[in-house]
Amino acid sequence: MSIEQTLKQRSNNTCELCASQDKLSVYAVPPEGEAHSDKAILVCATCAAQLNGDEQLSATHWHCLNDSMWSPIPAVQVVAWRLLNQLSTEHGWAMDMLDMLYLDEPTQQWAQAAIAEEEDVIHLDANGVRLNAGDTVTLIKDLDVKGSSLVAKRGTAVRNISLTSNPEHIEGRVDGQRIVIVTQYVKK
């Protein structure tokens, strides 16, 4: 049986991300090794265009990940994690879903593999010390949080930070709220 036939049978002839039945095709989840149905998913034309970079990510389309991220198929989980990770910098709902998504260790490593290849961005704190995902930083200035009445006070520890594609921004939780923080206002 071909990979496409296996995926059609596994997905019941629907897109494994958004459940559409329109123009289905095989999407090999990077990093691609040998072709195998465990390393691929069946996607519709809309999902394929956005995954391949032919179209810009449409946040409204990807609300479908709320259902597909719970798939038992590791390849679907990997793609959902990567998309939510990309969308989380601009959309709070994506960050909330990403916080709920659990991946076992091998699946998490697979999900992060392609991102690690793309990341050439280096984040530095106010003292020029390199920041890594998961680090704890301390605010060196009171920060007004846009869109909220929250003021993040100087000296506040921000644990388990996330890095963004912008080297001047990191993300972290302050008083239970996930915020974007300018790296020049933190120290490791």
Checklist entry - Is there a side-chain contact (heavy atoms from CB on, under 4.5 Å) between Gln108 and Trp81 once you walk through the steps? => result CA-CA 9 Å; Gln108 182 75 35; Trp81 186 90; 3.4 Å; yes
Item to check | From CA spacing to verdict: side-chain contact (heavy atoms from CB on, under 4.5 Å), Leu98, Asn85 | outcome: CA-CA 7 Å; Leu98 191 59; Asn85 210 26; 3.5 Å; yes
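Look at Lys153 and Asp175 and you find no salt bridge, because none of the NZ, NE, NH1 or NH2 atoms lies under 4.0 Å from a carboxylate O.
Side-chain contact check for Ser88 and Arg178: no donor-acceptor pair (N or O, by modelled atom type) lies under 3.5 Å.
Proximity of a side-chain donor or acceptor of Arg82 to a complementary backbone N or O of Ala111 within less than 3.5 Å is detected. Looking only at distances, a side-chain donor or acceptor of His36 sits under 3.5 Å from a matching main-chain atom of Asp38. Looking at Gln112, its side chain never comes within 3.5 Å of a backbone N or O of Gln109 through a donor-acceptor pair. Side-chain N or O atoms of Asn66 include none that pairs as donor or acceptor with a backbone N or O of His63 at under 3.5 Å. Using a distance-only test at 3.5 Å, with no hydrogens or angles considered, no donor-acceptor pair links the side chain of Thr14 to the main chain of Ala19. Between the side chain of Asp142 and the backbone N or O of Arg154, at least one donor-acceptor pair lies under 3.5 Å. Proximity of a side-chain donor or acceptor of Gln77 to a complementary backbone N or O of Met69 within less than 3.5 Å is not detected. The backbone N or O of Thr107 sits less than 3.5 Å from a side-chain atom of Asp104, completing a donor-acceptor pair. Between the side chain of His123 and the backbone N or O of Thr164 there is at least one donor-acceptor pair closer than 3.5 Å. Although no hydrogens or angles enter the test, the distance criterion places no donor-acceptor pair under 3.5 Å between the side chain of Asn127 and the main chain of Val129.
Rounded to the nearest 0.5 angstrom, Leu65 CG and Met97 CE are separated by 5.0 Å. Atom CD1 of residue Ile122 and atom OG1 of residue Thr183 lie 12.0 Å apart, to the nearest 0.5 angstrom. With rounding to the nearest 0.5 Å, the separation of CG in Asp125 from CG in Asp135 is 9.5 Å.
The heavy-atom pair separating Leu42 from Val26 by the smallest distance is CD1-N, 4.3 Å.
In Glu168, the CD atom is not crowded: 12 or fewer heavy atoms of neighbouring residues, nucleotides or ligands sit closer than 6.0 Å. The environment of Lys188 atom NZ is dense: over 12 non-hydrogen atoms of other residues, nucleotides or ligands sit within 6.0 angstrom.
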Side-chain donor-acceptor pairs under 3.5 Å in residues 45-54, sequence neighbours left out?
residue	atom	partner	partner atom	Å
Gln50	OE1	Ser58	N	2.8
Gln50	OE1	Trp62	NE1	2.7
Asn52	ND2	Ala48	O	3.0

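Annotation: side chain of Val174 is not in contact with side chain of Val145 (no heavy-atom distance under 4.5 Å).
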